[in-house]
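This report refers to the structure that appears directly beneath it.
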Amino acid sequence: MKVNCPLMLRFLLSLAVLGTLAGCSVGSAGDVTLKIPIAGGGLAPVVFSSGSPIHAEDARIKVEKSIFAQEGKSLSGRYVFGLYEKTGDVPRRITIEDVTETDEKPVTWVDDDHPQLNNGHWESRGRLIAFDDRDVKWMLELDASIRVYRITIVNGDGSTDQLYDGELYPAVLKEYFKKQVDDAAVGPAKPAQN
């Protein structure tokens, strides 16, 4: 069954707000955990606060960033992910997939089999991706969207942690990206001739 993404997003955001107002929170700050359908089946727990997803965290790992960001003024961007390992352990492997339900299947953006930490912090800046690439076509769809990233960490002791991190991409940001792509397709304006 295909879900209408804009309607689903509005529904999820409404639930987050209503859940907070109704006292259905699970966190001490009024946070609400929603189970969001993901690519390949299943449900991912994503924590919302004030109607927006907040970064995932467990006893060992805290997600610091998970975003698709424009590269300068180019018509491309890259995924940037950042984690903090709280225990001092050095993970053996970090894998990050976009598992958003509107995609046919999960897309792997990071598979780091020798993670390097700097004072417990790890960061990955992925390859450049054109805005019109099929794996980021969602960026040019003008409704707000939430992307869900599955972060799998194989810890130094061999145990595995798996977190789901949601990231909100507001419509205004996507309109900005789309305008840039549309303007580039048209080309520079030609001077008026008399």
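Along the sequence shown, residues carry numbers from 1.
- The existence of a salt bridge linking E97 and R150 is confirmed by a sub-4.0 Å separation between a basic side-chain nitrogen and an acidic carboxylate oxygen.
- By the 4.0 Å N-to-carboxylate-O rule, D143 lies too far from K174 to be salt-bridged with it.
- For the pair R92 (side chain) and V154 (backbone), a donor-acceptor distance under 3.5 Å is absent.
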In residues 128-139, what donor-acceptor pairs under 3.5 Å come from side-chain atoms, sequence neighbours left out?
residue : atom : partner : partner atom : Å
D133    : OD1  : D135    : N            : 2.8

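- Considering all non-hydrogen atoms of both residues, Y169 and I67 come closest at OH-CA, 3.3 Å.
- Taking the charged nitrogens against the carboxylate oxygens, K86 and E57 do have a contact shorter than 4.0 Å, which makes a salt bridge.
- Formation of a donor-acceptor pair under 3.5 Å by the T100 side chain with backbone atoms of V148 is found in this model.
- Residue pairs that meet the ring pair (Phe, Tyr, Trp, His ring centres under 6.0 Å) test with at least one member in residues 88-111, sequence neighbours left out, are Y79-W109.
- The backbone N or O of G156 lies less than 3.5 Å from a partner atom in the side chain of D89, making a donor-acceptor pair.
- The heavy-atom pair separating R78 from R127 by the smallest distance is CB-O, 3.5 Å.
- Side chain of D58 to backbone of I61: a donor-acceptor contact under 3.5 angstrom is found.
- In this structure a side-chain-to-backbone donor-acceptor pair under 3.5 Å is missing from D31 to S49.
- Taking the ring centroids of F81 and Y149, they lie under the 6.0 Å cut-off.
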